[in-house]
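So you know, we letter chains A, B, ... as the sequences are listed, proteins then strands, and number each from 1. For clarity, every value in this text was computed on a predicted model and none was experimentally measured.
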Number of protein chains: 2
Amino acid sequence: MPELPEIYNISEQLNKEIVGLVITNSTIFQEKSINIKTKDFNNSIINQEIFNVTSRGKWVFITFKSLDKLFINLGMGGDLLYTTEIPKKKHQAIINFDNGYLLSFRFWWFGYIHFVKKGETHHMTNKLGIDIFRDNITKKEFLTLVKARRGSLKSFLLNQKNIAGIGNYYIHDLLFKSKINPLKKIPEVSTRKLGMLYNVILSEFEDSISKRGAHYELDIYNQKGLFQANNVAYKEGELCLCGTKIKKVKTGSTSSYYCPRCQK
Amino acid sequence: MPELPEIYNISEQLNKEIVGLVITNSTIFQEKSINIKTKDFNNSIINQEIFNVTSRGKWVFITFKSLDKLFINLGMGGDLLYTTEIPKKKHQAIINFDNGYLLSFRFWWFGYIHFVKKGETHHMTNKLGIDIFRDNITKKEFLTLVKARRGSLKSFLLNQKNIAGIGNYYIHDLLFKSKINPLKKIPEVSTRKLGMLYNVILSEFEDSISKRGAHYELDIYNQKGLFQANNVAYKEGELCLCGTKIKKVKTGSTSSYYCPRCQK
DNA sequence: TGGATAAACATAGA
DNA sequence: CTCTATGTTTATCC
């Protein structure tokens, strides 16, 4: 499940590669991935020229010269490859360009490629929260945002309407490095720790982006990233750096792994 | 806080006393209690003849011959007296009839006397749930209704959108007599106990109505009711009939008192 | 817990 | 936690 650093990286790579290219063909293998009929989708994007590519949270935005857009979400695992040959692995969609290259969209489960006409809004992204990286959010703004709420900090961070881009892989590491217990509610966490969390998010994401994302995700060139988090092991009973056994707790629909000694 | 039995009793008493009477005057001391301007309210009801009086849950409905209506809610404590003399206790409204009698509305806190024109709907009562007593709900209907939900049974019963008329006084007794622990969620309660609960609600309400309501509430003649619940004491540590100490637990915004032995 | 409303939280579904 | 929709609870207001 690619999160902010991977999506940021993918969008920047695409921005380098496909701006100015024109779409010559499009093949949809899974109509559930798109938001309109396949025929309409193809008619809408073929012959369009790419204007730019950017991202917000876990969403990639491809803007055409016409200002129509594609909103792409890779869902729970998936990749977006830029290549000349159709990949052998099962994919949901292929988009061809006039330079002989193509984009292959592969979703492990749910994923979206939504076409949105110029000026129209997209219901899945118009409520997206801040992208702490692209929006140049200051620590003060971050603290104001967080402290307005009283629920669990982990839920807050994972909710894309608050802060877009944090998912289940990075959250453990972010909380570990900020020494925050994943069960805590926002009012129970000191301002100092919330400030530390802000620093950690920025530095961790910058670090990961510079390494082209997480080690188990692919970039558009089919290359794995070099970033490895996992300061807190993903198995109950494994040892933290401090020697304490990692604890597993249910936090909503997923679990959290944390060190009872380091994360108070 | 009058609940179904008291409200049922008040509406039936009114139905015996005021049908056919004509309103000659109306005085509003607290404009927050009504839904339109005082002047409009008075103009709307003066000279109207009472057609009938009925109730649903904690609401009293006075219908005029014109089919305009008054929707009355006594809120958290309050009384509605039918008398010839203006009561000395502070009241929010007085309505006079052509036989020399008057209705005095007294609210301890929030209470409503809403005027609704013929055919129009009233937003506070149009989502009201069933009145188990007036609607002749069968046990099967009751079970279907309850079992469609998964939240706490106590919340379900107190929510006027589900079943109208149960409040904080009767709820303890109803759960005690049904041997249901007030902390249970609906799926955790056996069908047998839910069926028992249905019987208990009907029998308890019938009993209370026959005694003109709870012992601490007043009917329209300023007389206290004769019904006493309190099988489960309202003080932590007091003894249940079985000798076990009553336990107090938080259930949402209020507390529940229950016998850990009798109410499993 | 009287009732409205909004936010917060939980769960199922696609 | 990918996102939506729905249900349920909590908090605050009047």
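- You'll find that the side chain of A/Y112 is closest to D/dT2, out of D/dT8, C/dT1, D/dT2.
- For the atom pair A/T27 OG1 and A/Q92 CD, the distance stands at 13.0 Å (nearest 0.5 Å).
- Across D/dC3, D/dT8, D/dA11, the shortest atom-to-atom separation from the side chain of B/R150 is found for D/dT8.
- DNA chain D is contacted by both B/K32 and B/K185; B/K185 maps to the nucleotide lying nearer its 5′ end (nearest heavy atom per residue).
- As a whole-Å value, the separation of A/L157 CG from D/dT2 P is 13 Å.
- Residue B/K154 is in base contact, counting any heavy-atom pair closer than 4.0 Å across all strands shown.
- Rounding to whole angstrom units, CD of residue A/Q160 and C1' of D/dA5 are separated by 17 Å.
- Rounded to whole Å, the distance from CG on B/N162 to C1' on D/dT8 is 11 Å.
- Across the protein-nucleic acid pair, A/I186 atom CD1 and C/dA8 atom P stand 9 Å apart, rounded to whole Å.
- Counting non-hydrogen atoms under 4.0 angstrom, B/W59 reaches the backbone sugars and phosphates but no base.
- Across all strands, A/S155 comes closer than 4.0 Å to no nucleic acid atom at all (heavy-atom distances).
- Taking atom CG of B/L4 as the reference point, atom P of C/dG2 lies 13 Å away to the nearest angstrom.
- Distance CD (A/Q92) to P (C/dA14): 18 Å, rounded to an integer number of Å.
- Ranked by how close their nearest DNA chain C nucleotide is to the 5' end, B/K161 and B/M1 are led by B/M1.
- Atoms CZ (B/R56) and P (C/dG2) sit 17 Å apart, rounded to a whole Å.
- When the P atom of D/dC1 is taken as reference, atom CH2 of A/W108 falls 10 Å away, rounded to whole Å.
- As rounded to the nearest Å, D/dC1 and C/dA8 have C1' atoms that lie 16 Å from one another.
- At the heavy-atom level, B/K58 lies under 4.0 Å from the strands shown only through sugar-phosphate atoms.
- Counting any heavy atom pair closer than 4.0 Å across all strands shown, B/M124 reaches sugar-phosphate atoms only and no base atom.
- Partners of A/S26 by side-chain hydrogen bond (donor to acceptor under 3.5 Å, both in side chains), not counting sequence neighbours, listed by chain and number: A/N42.
- Ranked by how close their nearest DNA chain D nucleotide is to the 5' end, B/G151 and B/F110 are led by B/G151.
- Applying the 4.0 Å criterion to OP1 and OP2 of C/dT1, one finds that B/N159 has every side-chain N and O outside that range.
- Side-chain nitrogen and oxygen atoms of A/R149 include at least one within less than 4.0 Å of the OP1 or OP2 phosphate oxygen of C/dA8.
- Classification of the B/F71-B/W59 ring pair by plane angle, with boundaries at 30° and 60°, yields perpendicular.
- Each of A/F105, A/F29, A/W108 was compared with A/H91 under the ring-ring contact (aromatic ring centres under 6.0 Å, His included) criterion, and only A/F29 meets it.
- Between D/dT8 and C/dT1, the two P atoms lie 22 Å apart (nearest whole Å).
- With distances taken from any side-chain atom of A/M76 to the nucleotides D/dA11, D/dT2, C/dT1, the minimum falls on D/dT2.
- Contact between B/R212 and B/Q13 at its shortest, heavy atoms only, is CD-NE2, 4.1 Å.
- Ring to ring, A/Y258 and A/F176 are not that close: their centroids are 6.0 angstrom or more apart.
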